[in-house]
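Below you'll find the structure, written out as C-alpha cells, and then a few comments.
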Amino acid sequence: MIRTDSPTAPAKPVEHLEAVTIRFCGDSGDGMQLAGTQFTNTSALFGNDVSTLPDFPAEIRAPAGTLPGVSGFQIRFSSSPIHTPGDKLDALVAMNPAGLKTNIMDLKAGGLLIVNEDEFNPTNLKKANYANNPLDDGSLKSFQLHKIKISTLNKEALADTGLNAKAVDRCKNFFALGLVYWLYGRPVEATLRWIEDKFSKTPDVAQANAKTLRMGYYYGETTESFVVQYVVPTAKIEPGTYRRITGNEATALGFVTAARLANKELFLGSYPITPASTILEELNRFKHYGVKTFQAEDEIAAVTSSIGAAYVGALSITTTSGPGVALKGEGMGLAVMMELPLIIVDVQRGGPSTGLPTKTEQADLLMALFGRHGESPMPVIAARSPSDCYYAAIEASRIAVKYMTPVMLLTDGYLANGSEPWRVPHYADLPGIEIQHPLEKNSVDGYMPYKRDKNLSRPWALPGTPGLEHRVGGLEKADVHGNVSYDPDNHQHMINTRAQKVANVAQDIPPTEILGDAEGDLLIIGWGGTYGSITTAVEQCRSKGFKVSAVHLRYLNPLPPDLGEILRRFDRVLVPELNRGQLRLLLRAMYLVDAEGLNKVKGKPFLVSEIVEKIESMVRQEVSV
Amino acid sequence: MSAPMNLPTLTAKDFASDQEVRWCPGCGDYSILAQVKKILPTLGIPKEKFLFVSGIGCSSRFPYYMNTYGMHSIHGRALAIATGAKVANPDLKVWVVTGDGDGLSIGGNHLLHAIRRNVEMVILLFDNRIYGLTKGQYSPTSVHGQKTKTSPLGVVDYPIHPLSVAIAAEATFVARTVDVDVKHLGEVLSAAARHQGTAFVQIYQNCVIFNDNAFEYASDKSIKSDNIVYLEHGKPLIFGKNSDKGIRMNGTHPEVVQLGNGVDASQLLVHDETLGDSSVAFMLSRMSHPEFPEPMGIFRQVVRPTFEGQMTDQLAKARKIWGEANMDLLIQGTETWTVN
Ligand code: SF4
C-alpha cells in the first residue's frame, strides 16, 4: 500500500518568497522531465502561477553522463501572475557533473545548488570535461552548495524492496523531487497518486518510487544541511477550473474543438518531426471524437492528403516544423489555387536545415508569409503562449473555412513544450463556426465553383452532392465557372481576387490591444512566443517609470488595420524577435517606420532582463538627447 | 452488381464533361477515356460518388473530361490526395489517373505507400515510356538505350517494372492491359473498379508524338499473339497465333514451350490470381518482351482489409473503449484544480 498521508509538518524556520525559479538537470536517462512535470503539477495544484521550460537534448540517448546528454526542466512558480519561466535560477538541482557544467552559469550568485554527490566520480567528471572536482575546488563557493549522496540515500531507502540495482537507481529522481518538495513546502500527495496510477501494472516499482519520494522529503526535514524551508504563497488567480497545458496539447485540443464547433470531422495528415510530433500523437488519442489521423509517408503526402480531405469536406490540418513547411510549399500553392480551407501548423525550431531541432526560434515568419512560388498569399497567425495555442488553432480554423483559404499557424518549440496553468473554457461558451455547403446549383448554367460571396470566398460543394460535380486543379481557373483559363486578364483578375480575399480577413481582426499608454516614447512590437518575456519586461519597466508600451501581434497576415496608426503615435519602435529581424523588415516595408530590432538566435527564449536592458537603454537615450 | 431501382440508368454520355478533349489526335488516352466512361455506368453507383484525381502530365488532364468530381493536382501527388479524400469520405469511389513520370518518378514514394496501405481506389498508370507533356524526355519506364531528347545517345538508366514494384509493395490487385485492346481494357477496368482495396492497373498507352509504336509488339494484331499471353484465372498460360505455345515452370523459372511432341496443357503453369503468396505474380511481372510473352490481365486479386475500413473500425472501437465525445471533459483533461 502506498501511504498517502502528508509527511509531518515543518519544524524548521520558514522564509517567504514571492517567486522561485528552479531547474532540474541531469542525464537524459535521469527522469528530469518527469521530476519537473510533477513539480509543476504540484505547484499549480498548490495554487501558484507556474510557467515551464523543458530543455531536451537533440539525441534521444546520448552516451550517459556526457554533455550532449543533459536534459533539463525549468519551472517558475509564483505568488503573483507570471508570463515566463524565469531568467536566472534561484535553485538548481544537478544530478551529475555534465548537468552541473551545462547549467551552472544560469544560477544566481548565492543561489541554492543541490548536487548528487555520488555521481561526481572520476569517470563522470571526465565525461563532463572537468579537470578537477568542482565540488571540492572552491569554484562553487558563490552558491549555497548542498552535496547530497542522492544515489546512496535512494539505494538505502529501497534496500528491502527486492528490486534490482538498476531499477532502484532509476527511482532516484523521486528522492530528489521529495527533497525539493520539502524545501518549498509542497505536498507529496498529487505525485503519490500519479505514481500509483502510472505504475499500476508494476506495484513494486510504484511502491519504490513512492517510498523514495517520501524518504527524500523526510531527508530534507531531518538533515542538518538545510536550515530553512521556503514558502511561495498561493497566487491571486482568476477563479475557475484550471489545468496545466503545453502548447502542443493546446494546439491539438484547439483543432478538435474547432472541428466540433464547425460540425466537421477533423483530418490530420502529418509526418513525424520535432517539435511538432506530439500534436500528431495527441490527436491520435482523440479518435473517439471522430479525429482521423494519417501518418503520411512524407511531408508532401502529409499536406496533399490534407488537401484531398479538405476537398471532400473535412476540417483539414497538417502539422510540421520549418523543414516540413519547405517541403509542403508546392502543396500549399495548390491549396491557394484551389481555394480550399486547410491549416498548416509550423512549430518553429532552430534552422536552417536540421539546425537545432529541439530548440526554439522564430525564423520562419518570412517563409510563412512569402515562402511559396507565385503570388500565393495566405493568412498567417501566431500563438503567444502555450494555452493560447488553443484559441489560435480555433481562430485559424475559422478563418480557413470562412475565407476558403489555407492558413498558416505559427507556434514554436518553446510554446510547444512549455506549459502553464490554463483556465479552461466551457465548450458551450465558445462561438460556433458556421459552414454552408451548397446543395443546389448556384446559377442557371449549373454549379459555378468560383462564384464568390461578399467576402470573395468561393462555395465549398462536397463530392457526393448530386448535380454539383465539378473539377478543381492547379491550373489557373476562370473566375465563376472554374474552367481552365489561360486568359491573361483572367489571371490578373484571379491573382488580385485571391489577394483581396486574404486582405479581407482584416475585417475580422479586433482592435489592437496596447499594454501601457496609447502613445509615448517607445513601442515594443512582438509576435508569437516572445509574449511572456516582452510583457514581463514592459511591466517591469513601466513600474519603474519608463514610458514604454507594447503590442503583441496575433495576425501577421493581414496585419491589423489599426497598426499603422498606432505606430505613428510612438517616437521609437523596438521589435524583439528570435530571428535576425523578420517582422522588423515587414513593418519597415509596410509602414515606412524606422523600427529597431532586438534579435537573438541561440535556440533559447528571451530573458526578461535582455529586453529590460534594451528598453532602459533606449528610453534613457531618448531622455538624455 | 446491379443498379439500385431508384437510380436513373446512366450512360457513357452522362460521364462526359463539356470540356473539349485536347490530347493529340491518335493518342492512346482517348481509348482509355472512352472505356472508363463506358464501364462507370455499369457499376450501379451514382455519378456524384466518383472522384477522379490526377497529377501532372498528359494523362492527368483526364479529370477535366469526366463529368464527375475531380481534381487535377500537382506532379506526383495524386495518390496522397486521393488517400486523404478516401479516408475523409470512404463513401466516395476514388480513381487516380497517373503516368510513368508522375506515378513512378516524382510520385514513386506515394505509389509504394498508397499500395501497401490498401486504400480502396483504382490507380490507372498510363505507361507510354516517355514524358509527353514536357515534350519527349525519357521516363522511368523508357527502355535501356532508348534515344530521347535528354538521351541522344540512349538511356543509361535501367527501367523500372511497375507491376513488380506494385507487387513488392503488397498490392492486392494488379493488372496490365493495352489502350487499343478495348475489350480487354474494359474487362480489366471493370474488375479493378469492383476490387475492394487498391487496384493497380498498368495500361500500355501509345504516345503518337514522342514514342510512337513503343508497344507495337503488344498491340499490333498481326504480331501480338506471339508477344503477349492473356492471364485467365484457373487456366493454363497458352499463347501464340495458333495457341500452340505455353509457359511451363522449369524449377523456379518459367520457360516458353511449344505444345505437342509430348508437351500438353497439363504441364503448363495454371494461373491463380488469388494466391496469398505473391511470388508467382511477381515472377509473371518479370516476364518481358522479347524473351517472354508479356502477361496481360489480372496478375493478382486478393482480399485484405482496407486502410479506410480499418480506420473507421478504430474510430468505432475508440468510442467504445474511451467513451462518447464530451467536449468539456476533453478540454479539462485528466487533472484539474479549482480556484475560488
Ligand atoms: S504527347 Fe503523347 S501522350 Fe501526350 S497527348 Fe500527345 S500523344 Fe498523348
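Sequence lines set the chain letters: A, B, ... in the order given, protein chains first and strands last, and positions in each chain run from 1.
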Please classify the contact of [X] with chain B as side chain, backbone, both or neither, using a heavy-atom distance under 4.5 Å.
| X | value |
| --- | --- |
| A/Ala310 | neither |
| A/Lys264 | neither |
| A/Met338 | side chain |
| A/Glu265 | side chain |
| A/Asp429 | neither |

Interface moiety of [X] toward chain A, non-hydrogen atoms closer than 4.5 Å:
| X | result |
| --- | --- |
| B/Phe52 | neither |
| B/Leu330 | both |
| B/Gln19 | side chain |
| B/Arg61 | side chain |
| B/Met71 | both |

Using every non-hydrogen atom in the two residues, find where [X] and [Y] come nearest and quote the distance to one decimal.
| X | Y | answer |
| --- | --- | --- |
| B/Ala318 | A/Lys287 | CB-CB, 3.6 Å |
| A/Leu475 | B/His72 | CD1-CE1, 3.6 Å |
| A/Pro425 | B/Asp328 | O-OD1, 3.9 Å |
| B/Gln332 | A/Arg243 | O-CD, 3.4 Å |
| B/His75 | A/Glu330 | N-OE2, 4.3 Å |
| A/Asn41 | B/Glu335 | ND2-OE1, 4.0 Å |

Proximal to chain A - members of residues 81-92 of chain B, heavy-atom separation under 4.5 Å: B/Ile81, B/Thr83, B/Gly84, B/Ala85, B/Val87, B/Ala88, B/Asn89, B/Pro90, B/Leu92
Expected output: side-chain B/Tyr69 to main-chain A/Thr465 donor-acceptor under 3.5 Å: yes
Gap between atom CG of B/Asn326 and atom OH of A/Tyr289 - 0.5 Å precision: 5.5 Å
Note: B/Glu308-A/Lys292 ion pair, threshold 4.0 Å (strictly below): no
Geometric class of the A/Tyr242/B/Trp337 ring pair [parallel <30°, tilted 30-60°, perpendicular >60°]: parallel
B/Glu48 and A/Leu468, any side-chain heavy atoms less than 4.5 Å apart: no
